[in-house]
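Each remark here refers to the structure printed beneath this line.
Keep in mind that the numbers below use all heavy atoms, side chains included, and drop hydrogens, waters and symmetry copies.
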Amino acid sequence: MGENSNFGNDALFNSEYDDVLTLTGLDSVEQQEALLGQIMRNPAQRRLFTTQIFKPKLTPAPAAVAPAGQTTSRDDFQRRFKQLPADTRKGLLNKQKQLVDTALYVVKDISDSKIIKMLQDDDNKQVGRSNISGGKLEKGNFFTLKGIQLLYGVAGEGEDFKEVNYGILPDFIRNGEFEFTANGAILIPSMSCEVFNTSGMTRHRQGYFELVNPKMIETQQPMAFEVEWATNAPERTWMKLVLVGTSVAKY
């Protein structure tokens with residue numbers, strides 16, 4: 001069974017995934033048949049397996065259910081399970097790793113600017129300013145991007161990012177555009193910043209744009225998020241970028 005032979009069969013019955021057969025990381029029919037044969041020859045595992053397959057589906061709590069026609073970032077991550085390296089799949093199945101809600105953020109001073117690169121290789125983690133270093137995920141992490149939040153704020157005299165109250169983008173930035181690059185490719189080509197205009201909306205967080213086409217961001221791959229508009233921003237103005245989705249973390 002090659003590299004996948006190290007999977008403990010108990011992982012099949014204790015995985016956080018819903019479909020234990022398609023998410024084992026066994027890509028060929030022969031591998032799947034070999035694993036099923038191994039399970040069937042063991043009475044205890046056979047009982048667990050049949051219980052898992054035929055047990056009634058429990059109805060999730062309402063808070064855990066996405067609105068009709070929508071999916072969560074967890075759903076999108078699970079569909080990309082086989083894109084992950086073998087060691088990451090093993091860690092998830094054996095509960096050495098888990099999927100967690102994630103909000104990566106960075107803020108930048110945009111005073112007197114018409115263009116800003118929100119993610120750069122010289123970024124460092126600092127509470128209130130950024131929780132991502134070097135504009136890329138930490139080694140071994142993978143991230144499914146489900147939504148983007150872009151906000152604007154003005155610091156008072158003598159203040160900086162630590163005191164800013166962020167809100168919806170002003171008109172001069174909403175009339176601009178942004179582009180997002182990761183994995184060595186443009187994942188979101190030039191798009192109007194108007195997508196972050198949530199004025200008058202009650203079901204959305206401020207400045208939040210949910211992707212219809214979520215993106216899987218690979219570990220240690222540089223990301224770039226560039227915003228451009230037509231007139232210089234005023235003094236003491238700041239922009240906040242939040243990338244919302246699901247990532248891998250240790251238990």
Side-chain angles (χ1 to χ4, degrees), residues 1-58 60 64-66 71-104 125 131-147 182-185 187 211 213-223 243-251:
M1 295 175 64
E3 65 176 10
N4 292 295
S5 61
N6 292 326
F7 279 120
N9 291 333
D10 289 344
L12 290 174
F13 310 110
N14 296 303
S15 171
E16 60 182 295
Y17 297 103
D18 297 325
D19 190 338
V20 296
L21 289 181
T22 60
L23 295 179
T24 58
L26 304 178
D27 299 321
S28 71
V29 173
E30 290 78 10
Q31 287 177 315
Q32 293 174 13
E33 288 179 344
L35 177 59
L36 288 173
Q38 181 180 343
I39 292 171
M40 290 301 118
R41 288 191 296 272
N42 185 304
Q45 289 182 350
R46 185 170 63 246
R47 284 194 297 271
L48 283 172
F49 180 78
T50 53
T51 300
Q52 179 78 9
I53 294 299
F54 295 109
K55 71 179 180 181
K57 292 288 185 179
L58 298 178
V65 179
T71 60
T72 66
S73 58
R74 177 188 175 87
D75 297 329
D76 297 310
F77 198 108
Q78 289 186 355
R79 280 198 290 269
R80 292 167 169 79
F81 184 79
K82 288 189 177 181
Q83 297 178 23
L84 301 173
D87 59 340
T88 301
R89 295 186 302 194
K90 290 177 183 178
L92 288 167
L93 287 167
N94 294 329
K95 291 196 171 184
Q96 296 172 334
K97 297 182 179 181
Q98 62 179 320
L99 300 183
V100 296
D101 293 331
T102 301
L104 303 173
K125 289 185 178 181
N131 65 350
I132 182 172
S133 295
K136 57 188 177 182
L137 301 174
E138 294 182 359
K139 186 176 181 180
N141 195 6
F142 292 82
F143 176 60
T144 295
L145 176 64
K146 182 67 172 178
N183 305 335
L187 300 187
L211 304 183
N213 301 292
K215 306 298 181 182
M216 171 71 85
I217 312 300
E218 299 174 3
T219 184
Q220 291 285 279
Q221 291 296 309
M223 294 182 286
L243 304 177
V244 181
T246 296
S247 66
V248 178
K250 291 182 180 180
Y251 258 109

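Sparse packing is recorded around CD of E138, with 12 or fewer heavy atoms of other residues, nucleotides or ligands lying under 6.0 Å away.
Remark: N213 CG to K146 NZ distance equals 9.5 Å, nearest 0.5 Å. A distance of 5.5 Å separates CG of D87 from NZ of K97, quoted to the nearest 0.5 Å. Taken from CD in Q220 to NZ in K136, the straight-line distance is 5.0 Å, to the nearest 0.5 Å. With rounding to the nearest 0.5 Å, the separation of NZ in K250 from CG in N141 is 11.5 Å.
Formation of a donor-acceptor pair under 3.5 Å by the T219 side chain with backbone atoms of G140 is found in this model.
Side chains of V100 and T246 form no contact here, defined as non-hydrogen atoms less than 4.5 Å apart.
Nearest heavy-atom pair across S133 and K125 is OG-CG, 3.2 Å. For the residue pair A103 and N131, the shortest heavy atom distance occurs at O-ND2, 3.1 Å. For F142 against L84, the heavy-atom pair with the smallest separation is CG-CD2, 3.7 Å. Q221 approaches G184 most closely through the heavy-atom pair OE1-N, 4.3 Å. In terms of heavy-atom proximity, I217 sits nearest to L137 at O-CD1, 3.5 Å.
Checked against M223 for a side chain to side chain contact (heavy atoms under 4.5 Å, CB included), the options I132, L187, N183, L145 give a single hit: I132.
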